[in-house]
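Take a look at the structure below.
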Amino acid sequence: MLREPRSPWPVWVKNRGVPRLGEKLDADEIAITFVNHATFLIQTAEVAILTDPIWSERASPFRRIGPKRVRPPGVIFGDLPAIDIVLVSHNHYDHLDVATLARLRQRFAPTVLAAAGDGRLIAPLGFRRVHELDWWEQVRLRDTLAITFVPAQHFSARGLFDRQKSLWGGFMIESRGRRVYFGGDTGYSTHFADIRGRFGPPDVAMIGIGAYEPRWFMQPVHMNPAEAVRAHRDLGSRRSIGMHFGTFQLTLEPINQPRIDLERARADSGIPPDEFVTLHEGETRIY
């Protein structure tokens, strides 16, 4: 893969989204703000949740090498509302960013839900409440909120000698009869249908559509947009949002190719444009 030619990405891109973080929400409303990559701020009238938060300059164990962001986070860290819960899908550097987690702990002291085996990375940061979860394991955090760790087809590693030493997955969030699915990193497989079989169709699903070329290398672990559309249908999701693109160049495709390919895949499948969308970094939608 290292010998494959990469498409050039811009050095820097301005964000177009305008966050709406202080909206007054009804009990059955959910506000979702796309921060960047796989980081979303999910707000209800009662709770604020962050997924796979990364505000660092690089998705890397090093300060000067590794994938560097080409755009700022869509939400300034200092503008975040009080964060109650952080969800960490697996231990890759673009999803489990220790520097960002340390900032969140210092400012908000949230509860963290993480894949089994990742507590060794998170607990030393000083969090008081860390739940490590196996697939299908559920945590009830309030009378009206339940979060379940669900399967994905991926892998874990942060170095040369820890491959598959921790788990990976996604999350199903259930609050007042509404369901929100966050897919984490995953290739296409039967687990989407399994998740629908257990929970029913989600109201909103966040599904990866980027970091998919070359297919001979990436297909087992990252979906392309056509596969993401199949996942959307397997889930029976009422609305889906594409993620995992446009901030860090991890693979070969051009920066805007995931959006272009999603439009094509959506049209080929007869899915209305507003049923599976991409948001601008910083954009908020209320469902």
Side-chain angles (χ1 to χ4, degrees), residues 27-30 32 38 40 42-44 46-47 49-52 84-92 95-96 111-119 129-156 164 166-209 219-223 225-244 269 271 275-277 287:
D28 62 345
E29 288 185 319
I30 301 166
I32 297 179
F40 287 88
I42 304 168
Q43 295 173 279
T44 71
E46 301 169 316
V47 69
I49 300 170
L50 276 178
T51 65
D52 289 353
D84 302 290
I85 300 164
V86 173
L87 307 180
V88 180
S89 66
H90 65 296
N91 70 3
H92 288 159
H95 295 261
L96 195 164
T111 297
V112 180
L113 276 59
D118 285 341
R129 298 174 298 276
V130 179
H131 299 271
E132 293 187 70
L133 303 178
D134 200 348
W135 288 346
W136 306 120
E137 192 170 355
Q138 184 180 93
V139 175
R140 296 197 69 89
L141 295 161
R142 303 187 179 202
D143 291 341
T144 59
L145 178 66
I147 301 178
T148 305
F149 194 54
V150 295
Q153 179 175 285
H154 201 56
F155 71 105
S156 64
Q164 317 299 55
S166 62
L167 197 53
W168 54 89
F171 293 91
M172 183 67 80
I173 304 164
E174 298 175 281
S175 176
R176 296 189 180 276
R178 307 295 302 280
R179 289 185 291 270
V180 176
Y181 166 73
F182 171 71
D185 258 2
T186 184
Y188 178 77
S189 188
T190 59
H191 63 277
F192 297 109
D194 294 340
I195 291 167
R196 180 182 183 175
R198 291 231 183 183
F199 298 96
D203 295 282
V204 185
M206 287 156 277
I207 300 174
I209 64 168
Q219 186 169 14
V221 293
H222 289 160
M223 293 185 292
E227 291 167 324
V229 166
R230 291 174 65 189
H232 164 82
R233 286 193 152 171
D234 288 354
L235 288 164
S237 181
R238 295 180 175 89
R239 294 287 186 271
S240 289
I241 302 170
M243 65 172 181
H244 204 263
S269 298
I271 293 175
E275 191 174 304
F276 196 156
V277 302
Y287 296 90

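Numbering starts at 1 and runs along the sequence shown. Side-chain atoms are counted along with the backbone in the values below, which use heavy atoms only and exclude waters and symmetry mates.
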Discussion item. Please evaluate residues His244 and His95 with respect to the criterion ring pair (Phe, Tyr, Trp, His ring centres under 6.0 Å), reporting the C-alpha separation (whole Å), side-chain torsions for both, the decisive distance (0.1 Å), and the verdict.
Written reply: CA-CA 10 Å; His244 204 263; His95 295 261; 5.3 Å; yes

Between [X] and [Y] (side chain of the first, backbone of the second, donor and acceptor by atom type, cut-off under 3.5 Å), is there such a pair?
X	Y	value
Ser156	Ser166	yes
Thr44	Glu46	yes
Arg179	Phe199	yes
Gln153	Pro220	yes
Thr148	Trp136	no
Trp168	Pro151	no
Arg140	Asp143	yes
Ser89	Gly183	no

Item to complete: Mind telling me whether Phe182 and Phe171 have parallel, tilted or perpendicular rings, with 30° and 60° as the class edges?
Response: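 Geometry flag for Phe182 against Phe171: parallel rings.
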
Item to complete: With the side chain counted from C-beta on, respond yes when Met223 and Thr186 share a heavy-atom pair under 4.5 Å apart, and no when they do not.
Response: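 Yes, close enough: below the 4.5 Å cut-off.
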
Fill in: Check: Ile49 and Asp84 side chains under 4.5 Å, non-hydrogen atoms
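No, too far: nothing below the 4.5 Å cut-off.
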
Item to complete: Quick one: do Val180 and Met206 satisfy side-chain contact (heavy atoms from CB on, under 4.5 Å)? Show the steps, please.
Response: CA-CA 8 Å; Val180 176; Met206 287 156 277; 3.2 Å; yes

Practice prompt. Given side-chain contact (heavy atoms from CB on, under 4.5 Å), test Arg176 with Asp28 step by step and report yes or no.
Written response: CA-CA 7 Å; Arg176 296 189 180 276; Asp28 62 345; 5.8 Å; no

Worksheet entry | Proximity of His92 and Phe155 rings by center, below 6.0 Å |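 Under 6.0 Å, so yes.
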
Discussion item. Could you check whether His222 and Asp185, counting side-chain N and O atoms only, form a donor-acceptor pair closer than 3.5 Å?
Written reply: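 Side chains of Asp185 and His222: pair found under 3.5 Å.
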
Looking only at heavy atoms, what is the nearest atom pair of [X] and [Y], with distance?
X	Y	answer
Phe192	Asp234	CB-CB, 3.7 Å
Val88	Asp52	CA-OD1, 3.3 Å
Trp135	Gly169	NE1-CA, 4.1 Å
Phe40	Gly242	CZ-O, 4.3 Å

Can you tell me how far apart [atom1] ([X]) and [atom2] ([Y]) are? Round to the nearest 0.5 Å.
X	Y	atom1	atom2	result
Leu133	Asp118	CG	CG	10.5 Å
Thr111	Ile147	OG1	CD1	9.0 Å
His131	Leu141	NE2	CG	6.0 Å
Ser237	Ile195	OG	CD1	11.5 Å
Ile207	Ile241	CD1	CD1	9.5 Å
Ile85	Thr51	CD1	OG1	12.5 Å

Discussion item. Does Glu132 form a side-chain contact (heavy atoms from CB on, under 4.5 Å) with Leu167? I'd like the steps, not just the answer.
Written reply: CA-CA 9 Å; Glu132 293 187 70; Leu167 197 53; over 6 Å; no

Discussion item. Within 45 degrees of the ring normal and closer than 6.0 Å to the centroid, is that where the cationic atom of Arg178 sits relative to Tyr287?
Written reply: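 Here Arg178 fails the 6.0 Å and 45° test against Tyr287.
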
Practice prompt. Quick one: do Val204 and Ile30 satisfy side-chain contact (heavy atoms from CB on, under 4.5 Å)? Show the steps, please.
Written response: CA-CA 9 Å; Val204 185; Ile30 301 166; 5.6 Å; no

Practice prompt. Sort out for me which residue in Glu227, Glu275, Arg239 forms a side chain to side chain donor-acceptor pair (under 3.5 Å) with His232.
Written response: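 That would be Glu275.
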
Practice prompt. May I ask you to decide whether Arg238 forms a salt bridge with Asp203, counting only side-chain N to carboxylate O separations under 4.0 Å?
Written response: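 The answer is yes: the pair qualifies as a salt bridge.
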
